[in-house]
Asker: 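Handing you a structure now.
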Amino acid sequence: MKENKQQEVAGRLVFEIDREHEGMELKEILYDQMRLSSRLVRKLKRTKNILVNGNKIAFHARLRKGDRVEVIMEEESNQFEPQNIPIDVVYEDMDLLILNKQPGLVVHPTKGHPIGTLANAIVYYMQERGESFKIRFVNRLDRDTSGLIIIAKNPYIQQELSKQMIDNQVEKRYLAVIKGCLETEKGTVDAPIGRPYPEDITRKVYAGGQPSITHYEAVEQLKDATVVRLLLETGRTHQIRVHMSYIGHPILGDELYGGKADILIERQALHAEILRFLHPRTGEPMEVKASIPADILELITKLS
């Protein structure tokens, strides 16, 4: 996708047909050039939101130079109750909202947490700004993990970022404080992770799990603890927590995976610090950072 050919304007994806694409069928433009998913195209076709020069035409119709393909991205409502919960906005534009999530906040309402979630906070934030978009989480974090969360403001952006996730084009870097001293400064844990017992939320390393790779590097040695930075090559649930426990260095405060050493921190000392990806609309490289939260900084100070 080239920025001068496709753009998003007021909730519409627009593609201008030039000499290079003259003679192509509409469906080829939608799938190959605009890179829309089959699911999204079916929905747009059903709602009659695919237009060429303002008109609805056949999918097999061939396009001419100067034709204007428009895809209307209808706003979808959220069913979440707005709640005045503070959020830390790291980056925002017409396509993306990226937040630094505080620890202790569930991302999405569940049976056990129907309110008081990040989604409720985002709805309130939108209302205060006079905005409206369906909340589409591109990535998720555990309740007690802090750091970067990406929200796509329309289905196209969600689709493109999800593709980048699948293709391992989104770089996810974390900071953690783990128990003990590492034998080597750098290393990689390549061990499959799965959920052998569906009734148990705990994940484990076992032969029947999914391939999982975590790279780690020590950045500061503390008293019987180490500050590490980690790079995820895969994105399994609880991956860092499971892998660090598996090599004998659980994250401090992580009761689920053996990291409860003392009362210096009330949650797992894990923070999603950096995300790098390509902006879906412009193709420009993006890097966003989330400042390290106070409780982890305090933990590091106490153990120094």
Side-chain angles (χ1 to χ4, degrees), residues 1-78 90-99 122 126 131-140 148-172 235 275-288:
M1 178 180 66
K2 296 182 180 179
E3 187 177 0
N4 63 335
K5 292 177 184 174
Q6 179 170 312
Q7 55 182 317
E8 183 181 341
V9 181
R12 295 173 181 238
L13 291 175
V14 178
F15 192 96
E16 302 279 357
I17 303 300
D18 58 10
R19 185 167 296 173
E20 178 185 352
H21 300 97
E22 187 174 18
M24 293 181 69
E25 294 183 0
L26 173 59
K27 65 179 181 180
E28 293 179 284
I29 296 295
L30 295 171
Y31 290 124
D32 300 337
Q33 302 305 316
M34 300 181 77
R35 300 187 296 177
L36 303 180
S37 68
S38 298
R39 180 180 177 183
L40 179 55
V41 169
R42 286 196 300 271
K43 179 181 178 181
L44 292 166
K45 187 176 180 180
R46 187 172 62 250
T47 56
K48 300 180 181 180
N49 281 332
I50 300 171
L51 304 175
V52 176
N53 302 327
N55 300 305
K56 183 177 179 295
I57 68 171
F59 265 37
H60 59 79
R62 296 193 178 274
L63 303 177
R64 297 170 294 181
K65 181 182 177 182
D67 282 345
R68 179 182 173 94
V69 180
E70 291 182 272
V71 172
I72 303 170
M73 312 297 284
E74 290 186 341
E75 290 184 350
E76 300 176 71
S77 62
N78 291 291
V90 177
Y91 176 85
E92 184 174 15
D93 63 19
M94 66 188 296
D95 298 312
L96 298 170
L97 175 63
I98 304 179
L99 306 176
I122 294 169
M126 281 192 286
E131 294 185 64
S132 177
F133 56 84
K134 184 176 180 180
I135 298 171
R136 297 173 171 87
F137 290 107
V138 176
N139 66 317
R140 308 248 178 160
L148 294 167
I149 292 266
I150 303 176
I151 298 96
K153 293 186 177 182
N154 63 66
Y156 172 76
I157 296 299
Q158 181 186 37
Q159 168 194 289
E160 288 301 295
L161 282 175
S162 295
K163 286 180 183 177
Q164 289 187 40
M165 290 277 193
I166 293 170
D167 294 339
N168 200 28
Q169 294 177 326
V170 178
E171 186 175 307
K172 297 169 283 187
L275 283 172
R276 296 188 179 106
F277 57 94
L278 298 178
H279 195 292
R281 182 167 61 91
T282 66
E284 292 296 318
M286 297 280 296
E287 178 182 280
V288 288

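Quick note: residue numbers are just sequence positions, from 1.
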Asker: Considering all heavy atoms of both residues, which atom of Gln159 and which atom of Leu40 are nearest to each other, and what is their separation?
Answerer: OE1-CD2, 4.0 Å
Asker: Are the side chains of Glu92 and Lys153 in contact, using a 4.5 Å heavy-atom criterion?
Answerer: yes
Asker: Do you know the tightest heavy-atom contact between Lys56 and Leu51?
Answerer: N-CD2, 4.0 Å
Asker: With sequence neighbours excluded, what pairs up with Lys65 under the side-chain hydrogen bond (donor to acceptor under 3.5 Å, both in side chains) test?
Answerer: none
Asker: Please check this pair: side chain of Asn154 against backbone of Tyr156, looking for a donor-acceptor N/O pair closer than 3.5 Å.
Answerer: yes
Asker: State, with a plain yes or no, whether a side-chain heavy atom of Leu26 is found less than 4.5 Å away from one of Val52.
Answerer: yes
Asker: Side chain of Asn49, backbone of Val71: donor and acceptor closer than 3.5 Å?
Answerer: no
Asker: Measure from the side-chain N and O atoms of Asn139 to the backbone N and O of Ile151, and report whether any donor-acceptor pair falls under 3.5 Å.
Answerer: no
Asker: State whether Lys163 and Glu160 are salt-bridged, where the test is any N-O pair (Lys NZ or Arg NE/NH1/NH2 against Asp/Glu carboxylate O) under 4.0 Å.
Answerer: yes
Asker: Taking all atoms of both residues into account, what is the closest heavy-atom pair of Asp93 and His279, and its distance?
Answerer: OD2-NE2, 2.8 Å
Asker: Quick check: closest heavy atoms across Leu278 and Leu161, and the distance to 0.1 Å?
Answerer: O-CD2, 4.2 Å
Asker: Mind checking whether Glu25 and Leu63 have side chains closer than 4.5 Å, heavy atoms only?
Answerer: no
Asker: Can you check whether Ile29 reaches His21 side chain to side chain, under 4.5 Å on heavy atoms?
Answerer: yes
Asker: Could I get the full list of side-chain hydrogen bond (donor to acceptor under 3.5 Å, both in side chains) partners for Glu171, not counting sequence neighbours?
Answerer: Arg173, Arg276
Asker: Apply the test side chain to side chain contact (heavy atoms under 4.5 Å, CB included) to residues Asp167 and Met165: give CA-CA distance (whole Å), side-chain angles for both, the deciding distance (0.1 Å), then the verdict.
Answerer: CA-CA 5 Å; Asp167 294 339; Met165 290 277 193; over 6 Å; no
Asker: Can you name the closest pair of heavy atoms from Phe277 and Gln164 and give their distance?
Answerer: CB-OE1, 3.5 Å
